[in-house]
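These notes concern the structure reproduced below.
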Amino acid sequence: MNDKKLIIDIENISKLYRMGVETVYALRDITLQIHENEYVAIMGPSGSGKSTLMNILGCLDTPSGGKYLFGGEDVSVMDDDDLADIRNRKIGFVFQTFNLLARATAIKNVELPLVYSGRPSGQRHETAKQALIDVGLEDRITHKPNELSGGQRQRVAIARALVTNPSIILADEPTGNLDSKTGEEIITLFRDLWHKGNTIILVTHEEEIARHANRIIRLRDGLIERDEINQQSNLN
Amino acid sequence: MTFVEFKETIVIAIDAMKGNKLRSLLASLGVVIGISTVILMGWVLTGLQTAMDETFRMIGVDILYIDKWDWAGGKNWKLVRQRKDITFEQADIMMERLNNAELIFPTARDWGGSIKYENLIFNGITIIGTTSNHGLTSAGETIEGRYFTPFEESIHSKVVVLGHKVYTTIFPDGNALNQTIKINGHKFLVIGVIRKQGTMFFDFIDNQVFIPVGSFVGMYGRHNRSISIGIKAGSEEMLDEVREEARGIMRSIRNVDPKDEDDFSINETKAFENQVATLKLYVWGIGIGMTVLSFIVGIIGIMNIMFVSVTERTKEIGIRMAIGAKRRSILFQFIVESSTLCFTGAIISLIICSGITFAVATILPKFVEEAGFLTPFLPFQLLVIASIVSIFVGVLSGIIPAIRASKLNPIDALRFE
Ligand SMILES: Nc1ncnc2c1ncn2[C@@H]1O[C@H](COP(=O)(O)OP(=O)(O)OP(=O)(O)O)[C@@H](O)[C@H]1O
Ligand SMILES: [Mg+2]
């Protein structure tokens, strides 16, 4: 099926939490490959390990066992600085709760990843502005998060995820805090990004949203229950 | 760490501070007190030092006085009192034999002279009889008129050169030249005024008048007091050589047995420097004690605020880490924040202290003449020291909270509410 470049390659990944005497298996044994320009939806009941998996894929968290290659590089042997670097340049993360800096304007929020990659401020401003234009927020550039609607905040967060031109965009329930109409707009935005060639992994509870993806992975109790191509994907 | 990130971090730090003005202000209070102590202390000491250096320079750092009395006062007072007087004859021999000195001038003093001008009487003025050579030293520089000449000296002229304080006391309106004053009942013509020499508690040295030595002897007699022999070495480098030569000559004139100590003292402005050094030590001691104390309070205060700040902003730290901030970037961010906080404290101190020094230096001397040595501005090196110290304190108090912030796990930090 795939002659495209392999971006994510995980093998037998597990994650466990020790809570006193009890051990919680958030992920048991996950093996998964994701290629360039795929649009993957991850579904599953609450507590099935979706966020845990996303955090590991996004290099925010480390697995308890298994192997993770990102773009061919072994992530499990990397130190904190290398991981920070990967998060900065290769991964765009979109959170359910937006996670914007409250005191910073939209453009400052979007510029932040570029600050940490050491881009000079003039260039930074231009790139960030373009990212905001790309998500349809050209008239909200100097607004602060509390001066924006939920949908607009999520657009800022998406612009921030896009601004470094990452290999992959990870979104953990990006519409979870939005009403259905706004949620739909965000989903349309993701579809446009996918059309432009981006690779997207998106966690959702809603079949309606998952329908847009061209591949759906269902988790249950830390295991992949089903991993299938979405034939009736309305992307095409 | 790139330069871009460095610049941006400082902007972030200033933003964070602005976000919580009152707390930042309170946090930097300890530092403000500490820095202010250092600055004010430094200011007083610098003023003191400058004033003293000035006084010594005016008196002449290369001038020795051979005296019966010891200026520094370290010697056994009873023994000193038993010393034989130093006489004009000894001064004459000294003038013949001493080769290395530039100038020699015998100096006879009456510590409690009185001067009458018109109907006013001024007591407690030092009357000094000396030679025109004294007028060639820095201590004899006139700001008005002139010193008496060798000719006036040779004919025992009744002319007088006023010390600055005598001048301002007797002639508050100026116009002293060519006035006649009475010294111990004898009429003298004022021909000059000496430049002000003493500052602070040294200004007694301006409370004196100079007359030709012959006139002095005419009034007081020749043998009823110990005189001192002033010697101008010519330069500070020559001082040691001239002092040794003069000592040898003096011992031989006074037949001092080789086993015995000198039965005279060789005084110079350096004698005061030890006393001044002790004084400075006390001031520094108190100052440093206060400074250390307020810095400890300041460091604890700022460290506390930084801990609170790190906890409050755990989520922000998580966000920054999630989008690529390295641990050292976070570490640096919080150290820069605490340093900025302290540096702001330093700037506040500088503003406060500038106000204080200006006010004190312009107002206080009007009431307390001795305070005249204070400058109305802060010395530049103090500003530099204060800034450096404040940044150092900032780093010191920020480092532990910053380490804690940088050790956070991105995922835990993000989850923090
Ligand atoms: N820090 C943690 N400590 C202990 N257990 C944890 C921790 N994080 C997650 N878990 C456990 O791991 C399991 C998977 O959690 P995860 O957040 O991945 O679920 P999820 O699929 O994202 O659920 P939801 O749809 O509610 O977001 C859960 O049982 C949870 O209790
Ligand atoms: Mg979740």
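Atom set for the values below is all heavy atoms of this structure, side chains included, hydrogens, waters and symmetry mates excluded.
You'll find the side chain of A:Asn99 reaches within 4.5 Å of the side chain of B:Lys315, heavy atoms only. Contact check for A:Arg160 versus B:Ile319: side-chain heavy atoms found under the 4.5 Å cut-off. The side-chain heavy atoms of B:Arg320 and A:Leu112, taken from C-beta on, include a pair separated by under 4.5 Å.
Heavy-atom contacts from other residues, nucleotides or ligands closer than 6.0 Å to CZ of B:Phe416 number more than 12. Heavy atoms from other residues, nucleotides or ligands lying under 6.0 Å from CZ of B:Arg404 number 12 at most.
For the side chain to side chain contact (heavy atoms under 4.5 Å, CB included) test with B:Leu414, the passing option among A:Asp61, A:Asn55, A:Leu60 is A:Leu60; the others fail.
B:Lys326 NZ to A:Asn88 CG: the interatomic distance, rounded to the nearest 0.5 Å, is 7.0 Å. Distance CE/B:Met321 to SG/A:Cys59: 14.5 Å, rounded to 0.5 Å.
Of the listed residues A:Thr97, A:Leu101, A:Leu83, A:Ile86, the one with more heavy-atom pairs under 4.5 angstrom with chain B than any other is A:Leu101.
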Exercise for review: Tell me, with the steps shown, if A:Arg103 and B:Arg313 meet side chain to side chain contact (heavy atoms under 4.5 Å, CB included).
Suggested key: CA-CA 11 Å; A:Arg103 279 199 304 269; B:Arg313 288 156 67 196; 3.9 Å; yes
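The pair B:Arg327-A:Asp80 meets the salt-bridge criterion, with a side-chain N (NZ, NE, NH1 or NH2) lying under 4.0 Å from an Asp/Glu carboxylate O.
For chain B, no part of A:Ser117 is nearby; none of its heavy atoms comes within less than 4.5 Å. Both the backbone and the side chain of B:Ile411 come within contact range of chain A, judged by heavy atoms closer than 4.5 Å. Only the side chain of B:Asn409 comes within contact range of chain A, judged by heavy atoms closer than 4.5 Å.
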